[in-house]
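A short worksheet on the structure shown next.
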Amino acid sequence: MFFWRVPAPNEALLISGSKRRREATQFRIVTGHGSFVLPVKQKARVLSLALQEAEIVEDCITKQGIRLNVRAVAAFKIGDDPASIANAARRFLSEQDRMEVLVGRVFAGHLRSIVGGLTVEQIIRERDRVAQEVKDGSHAEMEKLGIVVDALEIQEIEDATGYINHLAAPHAAAVASQARIAQAQADQEASQRELEVAAMKAQYQRDTEIRKAGFLAETEQAKAQAAQAGPLAEAKASQEVIEQQTALAQREADLAAQRLEAAVRRPADAEAYRKRTIAEANRDEAKLGAEAEAFRKRALAAADRDQAKLAAEAEAFRNTTLADADARAARVRADAAAHAERATAEGQADANNARAASLREGNQELIAANRIIEQLPELVEAAARGIAGSNLTVLNGAAGVNEVLAGLVGQGMAVLDLLRTSTSAAAAGSQAHAAAVGTKEPIPAHLIDGQAGRDT
C-alpha cells in the first residue's frame with residue numbers, strides 16, 4: 001500500500017502529526033513492524049539504529065607531565081528502548097551523519113581527563129582500565145544522548161619525547177643480553193655437537209677398519225681351509241669309517257647282552273620270583289594258622305571264663321533263693337503258730353460255748369464239733385511241721401512259696417469258718433429251744449467244764 005511504511009530491522013520509524021498522542025515524546029516510535037501514515041496529516045522520518053564507529057586521536061598529558069598522542073576507537077549505536085530513540089531523535093535526527101564527530105569529541109574530553117590522572121606506565125600496562133574508565137565517565141552523557149557504547153579500545157600510544165623508548169631500554173638490554181647468552185650457549189652446543197660428530201666419525205672409521213681386518217682374516221682362513229680340504233676330507237672319511245665300525249661293535253654287544261638277558265637273567269629272575277612267592281605264601285599260611293590257633297584258644301578261654309561266671313552267678317542265685325525261701329518259711333511258721341494259738345483260743349472259747357449249749361440241749365453234733373475244734377491246733381501244727389521238713393521244688397521262686405503257704409492257711413481258715421458257722425447255728429438252735437422250753441435253768445460254767453472233761 002502506498003501509505004503503509006515499514007522500517008528496516010536496524011531502523012526506527014518516527015511518526016509525528018497526531019494530536020491524540022499522550023506520551024511525552026509527542027510522536028510515535030515504530031520498530032520491527034509497519035504502520036499506516038496518513039498523508040498530509042502525518043509525517044514519517046527514519047532514524048538509523050545501526051552500529052557506528054568513532055575514531056579518537058587526542059594529545060593528552062599524563063600525571064607525570066609527559067605528552068602522549070593516544071588513538072582510540074569507539075563502537076556505539078542508538079539504544080533500542082523508546083527513551084533512547086526519543087533522545088537521539090531530538091538531537092541527531094537531522095544530523096545523523098555528524099553523530100560520529102559529536103560522539104568522538106565527547107570521548108576525547110573524557111580520555112584527556114582519565115589520562116591526566118595516570119602515569120605512562122599505568123596507561124601502557126592497564127589499557128583496559130583506561131578504556132573502562134572512559135566508558136564509565138561518559139555513561140551519563142551517552143545516556144542523555146540515547147547512545148549505547150558497545151566497545152572502546154585504545155589502539156596506539158605515541159610518545160614524542162622518547163619516554164616510552166627509555167622505559168623499554170632496560171628490558172631491551174636484558175633481552176639483548178639474554179639473546180647473546182642464548183647465542184653463546186647455542187654456539188657451545190654446536191661446537192660440542194661437532195666434537196661428538198667428529199668422534200662418531202673416528203669411531204666409525206675404526207669400526208670399519210676392524211671389520212675390514214676381520215674380513216681379510218676370514219678370507220685367509222677360507223683359503224687355508226680350502227688348501228687343507230683334501231687331507232681333512234680323507235681324515236673325515238676315516239673318522240666316519242671308525243665311527244661306523246664302533247657303532248657296529250656297539251650293536252653286536254647290545255645284541256649279545258639281549259641274548260644273555262633272554263637266556264639267563266630272565267629265567268633266573270622268574271625262578272627267584274617263584275621261590276620268593278612260594279616262601280611268602282608258606283609264611284602267610286603259617287602266620288594265619290598261628291593266628292587261628294591263638295584265636296581258638298582265646299575263644300575257649302573266654303567260653304570257660306563265661307561258663308564259670310554263669311555257674312557262680314547261678315549258685316549265688318540258688319543260695320539267695322534258698323535263703324529267701326527259708327526266711328519266708330520261718331516267717332510263715334511263726335505266722336502259722338501265732339494263728340494256731342489265736343485259733344486255739346478262739347476255738348476254746350467257741351468250744352466252751354458249744355459245750356454249754358450241748359449240755360443244755362443234749363446236742364451230740366456240737367460235741368463232735370467241739371472235739372474237732374480242740375484238735376484243730378494240733379492239725380495246723382502237724383501241717384506246719386510237714387511243710388518245714390518237706391523238700392519242695394518251687395518253680396517260680398519266693399512267689400511260689402507264698403502261694404503254697406497262702407493255700408494252706410486259706411484251707412485252715414476255711415475249715416475254721418465252717419466250724420464257726422456250724423457252732424453258731426447249733427448255738428442259735430439251742431437258744432431258741434431254751435427260750436421255747438423256758439423252764440430249765442442255765443447250766444453253770446463249772447458244770448460245763450466238768451462235763452466236757454468227762455466227755456473227753
Side-chain angles (χ1 to χ4, degrees), residues 249-344 375-418:
Q250 182 66 34
R251 285 197 296 270
E252 290 177 355
D254 293 341
L255 182 59
Q258 291 177 1
R259 289 175 180 174
L260 179 62
E261 178 77 18
V264 178
R265 178 178 291 180
R266 290 184 180 177
D269 292 341
E271 183 64 22
Y273 177 74
R274 186 182 67 81
K275 291 180 179 181
R276 186 168 59 254
T277 303
I278 292 172
E280 291 177 355
N282 293 331
R283 183 191 62 196
D284 295 339
E285 184 178 0
K287 183 178 179 180
L288 292 175
E291 291 178 354
E293 182 64 21
F295 179 75
R296 186 181 67 79
K297 290 180 179 180
R298 286 196 302 272
L300 291 175
D304 294 339
R305 185 177 64 253
D306 295 339
Q307 185 176 4
K309 183 178 179 180
L310 292 175
E313 291 178 354
E315 182 65 21
F317 180 74
R318 188 178 70 81
N319 294 331
T320 304
T321 305
L322 291 176
D324 192 11
D326 293 339
R328 291 178 180 275
R331 187 167 58 252
V332 169
R333 285 195 299 269
D335 293 339
H339 186 73
E341 292 177 359
R342 187 168 58 252
T344 301
Q375 297 297 326
L376 184 60
E378 288 80 2
L379 292 175
V380 173
E381 183 178 0
R385 286 196 302 271
I387 292 173
S390 63
N391 188 9
L392 298 177
T393 302
V394 181
L395 299 178
N396 53 352
V401 175
N402 292 332
E403 290 178 1
V404 172
L405 295 177
L408 293 176
V409 174
Q411 291 177 4
M413 293 300 294
V415 173
L416 180 60
D417 292 337
L418 180 60

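We count residues from 1, following the sequence as given.
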Inset, instruction - May I ask you to say whether D324 pairs ionically with R328, meaning some side-chain N is under 4.0 Å from a carboxylate O? - result: yes
Legend entry - Gap separating the CD atom of Q307 from the CG atom of L300, nearest 0.5 angstrom: 11.0 Å
Legend entry - salt bridge (charged side-chain N to carboxylate O under 4.0 Å, His left out) pairs, two or more places apart, involving residues 274-292: E271-R274
Inset, instruction - For residues A262 and P267, report the shortest heavy-atom separation together with the two atoms involved. - result: O-CD, 3.5 Å
Inset, instruction - Taking the side chain as every heavy atom from C-beta outward, state whether Y273 and T277 have any atom pair closer than 4.5 Å. - result: yes
Inset, instruction - Using the test side chain to side chain donor-acceptor pair (under 3.5 Å), find all partners of D254 that sit at least two apart in sequence or belong to another chain. - result: Q250
Inset, instruction - Could I get the full list of side chain to side chain donor-acceptor pair (under 3.5 Å) partners for R296, not counting sequence neighbours? - result: E293
